[in-house]
Amino acid sequence: MAESRRAGTSPPLFHSLEKVYLGSTEKVAPRYQKMKETFQQKYSCDPEFYARAPGRVNIIGEHIDYCGYGVLPMAVEQDIVIAVGQNDKKTLNLSNTFSSFHDFSVSCEEYKINGKEWYHYFLCGYKGLVDYMKITSPIGLNLLVDGNVPKSAGLSSSSALVCCSGLATVHGNGLELSKHELAEVCTKCEQYIGTEGGGMDQSISFLAEPGTAKHIEFDPIRAYDVTLPDGIVFVIANSLVEMKKSATAGTHFNARVVECRLAAKVLAKVSGLDWKNVRRLSEVQQGKKKTLDEMVEMVDSVLHAEPYTKEELCQFFGLTEDELISGCMSPSTAGVNSFKLHDRAMHVYSEASRVFKFKSVCEEKPANAIQVLGGLMNESHESCSKMYECSCEELDQLVSLCRKSGAVGSRLTGAGWGGCTVSLVPIASLNDFMKAVRDGYYAADPDRLSRVSESLFATQPGSGAAILKLD
Ligand code: A2G
């Protein structure tokens, strides 16, 4: 098993454009030049450095990172870049190259994270790192943000901004931190904005390396190279249904986190474990020393398929409703009263098992590797759609069109409820595939068609976050 690097020996942070963009600088150099000019116009000086952090596509392992299980993503080329300079006014001056994201200035010592505007994601990363690094007298920063990760599309644009902000904050204050530590801190600080996700997005944004997907495990974060088979390519197709994780967190994302937590506690109590301290489904597996297949059987025998109510759970645990809410739920989910514990736990244990199978097929390379990998991706989608209920009509439609158009496997990627699909496509059928998906999904609607070039594209594993200093 090829382990990339363990905590403490992270991939390097300082890079040249050539290394970050795999030699294709002609395409990206004008972007940086333009940022430099805009920065000069705004702040009357040159940026001192650029921080960049990529988005990601998750190949397999959905909604299991926050349950303690490993995932298998890769970085995409699309990223957030921040041009950074210091100021002596103790202010954070934030500007965005997209005019719809308005400028924002605040004291670098007194600010609030209490909204969902774009700069609050910057502030999450800023606060997380200032606190972690114990920076008592932060330096004022002038910042210009530019991003090309599609928004609300499941490619992790918001985490890329949080990670990029964390990196800009550390380096802008003249400090350094390993990529592993940056990933750990950025994972935690995203909770300032109210989502209770796991660490997948932040880990891959920092630890990605070109040419390899990563198997990422948590507590502590570890990243292992996964070499994908030759002769295939991953194609991303955006359904163009926007998934607003922050806006719908109460009903969708955070509710799933709570259902998984409650399922873990029920399984732990039935198994005689210390259920009050158990919070994740992986802890039940470890506590009982069972395989994932045995956990799937346990879910079937212990949890009923009908949704649980708060009343039933209170009775089962011997808790009052207030105790249940404060101990197991979260402010945004306090009003939820239907918990599909069986289906959510079934998804998590079976998906965790698919990640291990996917990884071992990549390592062992059997003759039918591509078919097996595609099959695992298809099973993952079915489980996301039916057991986890995080798909939507358009995603299901797109996945089935992708399969009919030559993909060996296709699934939603990221949180779901909209956003993108990822498909495994043999290189030999790539052109036919692209044409069939374009005609079948995008050409039917003028709005979709106008966005097809940024919505349907083949991707390869890109590089992780970096600091760039350009002449
Ligand atoms: O959904 C989101 O992208 C989560 N990220 C990520 O951790 C993972 O749970 C994913 C579903 O697999 C954040 O909450 C930042």
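Counting convention: from 1, in listed order, for ligands and their atoms alike. Counting begins at 1 with the first residue of the sequence.
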- Which is it for R403 and E382 under the salt bridge (charged side-chain N to carboxylate O under 4.0 Å, His left out) test, yes or no, and what are the steps along the way? CA-CA 13 Å; R403 289 177 196 155; E382 298 321 305; 3.3 Å; yes
- salt bridge (charged side-chain N to carboxylate O under 4.0 Å, His left out) between K340 and E389, intermediate numbers included: CA-CA 10 Å; K340 294 192 177 174; E389 296 179 280; 3.0 Å; yes
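Geometric assessment of R280 against the ring of F218 yields a negative cation-pi assignment under the 6.0 Å and 45° thresholds. Taking the centre and axis of the six-membered ring of F317, the NZ or CZ atom of K265 falls outside the cone set by 45° and 6.0 Å.
In terms of polar-atom proximity, defined here as any N/O pair under 3.5 Å, Q202 makes no such contact with ligand 1. At least one N or O atom of H63 sits closer than 3.5 Å to an N or O atom of ligand 1. Below 3.5 Å of separation, one finds an N or O of G198 facing an N or O of ligand 1.
Under 4.0 Å from ligand 1, heavy atoms of E62 appear from its side chain as well as its backbone.
Contact annotation: S156 has no heavy atom less than 4.0 Å from any atom of ligand 1.
Atoms of ligand 1 found under 4.0 Å from any heavy atom of R56 (numbered from 1 in listed order, with element): 3 (O). Proximity to M200 (heavy-atom distance under 4.0 Å) selects the following atoms of ligand 1: 8 (C), 10 (C), 12 (O). For ligand 1, the atoms lying closer than 4.0 Å to a non-hydrogen atom of E190 are 15 (C). Heavy-atom proximity to S159, at under 4.0 Å, picks out these atoms of ligand 1: 15 (C). For ligand 1, the atoms closer than 4.0 angstrom to any heavy atom of D65 are 6 (C), 7 (O), 8 (C), 9 (O). Of all the atoms in ligand 1, the ones that sit under 4.0 Å from a non-hydrogen atom of Y66 are 9 (O).
A distance-only check finds no donor-acceptor pair linking the side chain of S10 to the backbone of S178 [under 3.5 Å]. Side chain of N148 to main chain of D79: a donor-acceptor pair is present (N/O by atom type, distance under 3.5 Å, no hydrogens or angles).
The distance between the ring centers of F356 and H215 falls below 6.0 angstrom.
Taking the six-membered ring where tryptophan is involved, the planes of H347 and Y388 are tilted, since the angle between them lies from 30° to 60°.
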